[in-house]
Amino acid sequence: MTMPAPIISSPMAIEKDWIDYNGHLNMAYYNVLFDRCSDEAFELMGMGPNYARDRRLTIYTAEVHVCYVQELHLDHKVKVSFQLIDHDEKRLRAYQEIRHVDGWLAATSEQLALHVDMAGPRVAPFPADVMAQVEAMRAAHAALPMPERAGRSIGIKRKSA
């Protein structure tokens, strides 16, 4: 199977209950949208719900950095991308974007995920069959440019006096 590069979700609608008192998408639900796309990517790498149920291995999120770029509202439809930008024997580093179906950028997310043996739970190496799928996705995504927003840190820039 050829891995898409990047992975692009089907269009997703903003749900009424996700709108906050400011009239736009509550910050928590951006992560729901990112997560739904991540689940599609994990399934392609052999780590979907059946993997957790049958093999008692799964993915845990260790760190996330979200940038909210432009507000989303109830009538908006979005697509979410997933780009695997790095991995090792136990970890995945991914970059995602939420884009309105018209193409404008709403938010970005960079995540570090851990492969976990649920019996511990403890971080564990990917089994060989899953590692082969991770490496196939990474190879497909290696031709993509490093996202400009990847590797950002949080800080307050001060103006010199």
Side-chain angles (χ1 to χ4, degrees), residues 1-15 17-18 25-69 72 76-101 103-153:
M1 171 176 80
T2 304
M3 291 284 184
I7 294 162
I8 306 290
S9 74
S10 300
M12 293 185 255
I14 305 304
E15 297 183 19
D17 292 341
W18 297 356
L25 185 63
N26 178 275
M27 62 182 276
Y29 294 101
Y30 286 82
N31 284 308
V32 170
L33 294 167
F34 286 127
D35 195 49
R36 288 180 176 175
C37 182
S38 292
D39 284 345
E40 292 179 31
F42 296 150
E43 184 72 43
L44 286 173
M45 291 183 280
M47 296 180 281
N50 293 340
Y51 181 69
R53 184 191 69 229
D54 300 341
R55 295 174 75 173
R56 305 297 297 153
L57 299 167
T58 193
I59 294 291
Y60 282 10
T61 301
E63 184 174 344
V64 177
H65 184 153
V66 177
C67 293
Y68 303 95
V69 179
L72 289 170
H76 291 163
K77 293 214 179 331
V78 299
K79 290 184 178 182
V80 182
S81 65
F82 179 100
Q83 179 179 347
L84 183 60
I85 56 177
D86 199 3
H87 77 282
D88 64 16
E89 69 280 355
K90 298 178 184 179
R91 298 175 295 183
L92 303 172
R93 179 180 169 211
Y95 174 82
Q96 293 186 269
E97 293 182 344
I98 296 175
R99 289 191 174 270
H100 187 276
V101 291
W104 51 264
L105 182 65
T108 65
S109 179
E110 186 174 358
Q111 310 90 28
L112 181 65
L114 307 175
H115 185 256
V116 173
D117 180 339
M118 296 166 73
R122 67 182 184 284
V123 178
F126 296 105
D129 61 319
V130 171
M131 179 57 94
Q133 294 299 100
V134 169
E135 289 173 345
M137 183 174 289
R138 181 64 192 116
H141 292 192
L144 298 170
M146 178 61 77
E148 181 181 324
R149 290 179 161 266
R152 294 171 56 107
S153 63

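Please read these numbers as outputs of a predicted model, since none were measured by experiment. Only heavy atoms go into these numbers, but all of them, side chains included; no hydrogens, no water, no symmetry mates.
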Between His141 and Ile85, is a side chain to side chain contact (heavy atoms under 4.5 Å, CB included) present by the stated rule, with each step listed?
CA-CA 7 Å; His141 292 192; Ile85 56 177; over 6 Å; no
Does the side chain to side chain contact (heavy atoms under 4.5 Å, CB included) test come out yes or no for Leu72 and Tyr30, once each step is laid out?
CA-CA 9 Å; Leu72 289 170; Tyr30 286 82; 3.7 Å; yes
Please step through side chain to side chain contact (heavy atoms under 4.5 Å, CB included) for the pair Val78 and Val101, ending with a clear verdict.
CA-CA 5 Å; Val78 299; Val101 291; 5.7 Å; no
Test side chain to side chain contact (heavy atoms under 4.5 Å, CB included) on Leu33 and Ile14 and set out the steps.
CA-CA 9 Å; Leu33 294 167; Ile14 305 304; 4.0 Å; yes
Set out, in order, the CA-CA distance, both residues' side-chain angles and the distance that settles side-chain hydrogen bond (donor to acceptor under 3.5 Å, both in side chains) for Ser109 and Gln111, then state yes or no.
CA-CA 6 Å; Ser109 179; Gln111 310 90 28; 2.5 Å; yes
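When every heavy atom of Pro121 is checked against every heavy atom of Val116, the shortest pair comes out as CB-CG1, 3.8 Å. Closest approach of Leu44 to Met3, counting heavy atoms only: O-CE, 3.4 Å. In terms of heavy-atom proximity, Arg99 sits nearest to Leu105 at NH1-N, 3.5 Å. For the residue pair Pro6 and Phe82, the shortest heavy atom distance occurs at CB-O, 3.3 Å. Closest approach of Arg93 to Gly151, counting heavy atoms only: NH2-N, 3.7 Å. Residues Ala13 and Trp18 share a closest heavy-atom pair of O-CZ3, 3.9 Å.
Looking at Pro49 and Phe42, their side chains never come closer than 4.5 Å, going by heavy atoms from C-beta outward. For the pair Val80 and Ile8, the minimum side-chain heavy-atom distance is 4.5 Å or more. When side chains are defined from C-beta on, Tyr60 does not count as touching Val123, because their heavy atoms never get closer than 4.5 Å.
Under 3.5 Å, the side chains of Ser81 and Gln83 contain no donor-acceptor pair of N or O atoms. Thr108 and Gln96 share no donor-acceptor pair across their side chains, judged by distance under 3.5 Å alone.
Using a cutoff of 4.0 Å between basic side-chain nitrogens and carboxylate oxygens, Arg152 and Glu110 are not scored as salt-bridged. A salt bridge is absent between Arg36 and Asp39; no separation between the charged side-chain nitrogens and carboxylate oxygens falls under 4.0 Å. Looking at Arg55 and Asp117, no side-chain N of the basic residue comes within less than 4.0 Å of a carboxylate O on the acidic one, giving no salt bridge.
We find the CD-CE distance between Glu135 and Met45 to be 12.0 Å, quoted to the nearest 0.5 Å. The CD atom of Gln133 sits 12.0 Å away from atom CZ of Phe126, with the distance rounded to the nearest 0.5 Å. Rounding to the nearest 0.5 angstrom, the gap separating the CE atom in Met47 from the OG atom in Ser38 is 10.5 Å.
In this structure, Trp104 and His76 have perpendicular ring planes: the angle between them is above 60°, well past the 30° mark.
Side-chain atoms of His115 never come within 3.5 Å of backbone atoms of Arg91 as a donor-acceptor pair (strictly under, hydrogens ignored).
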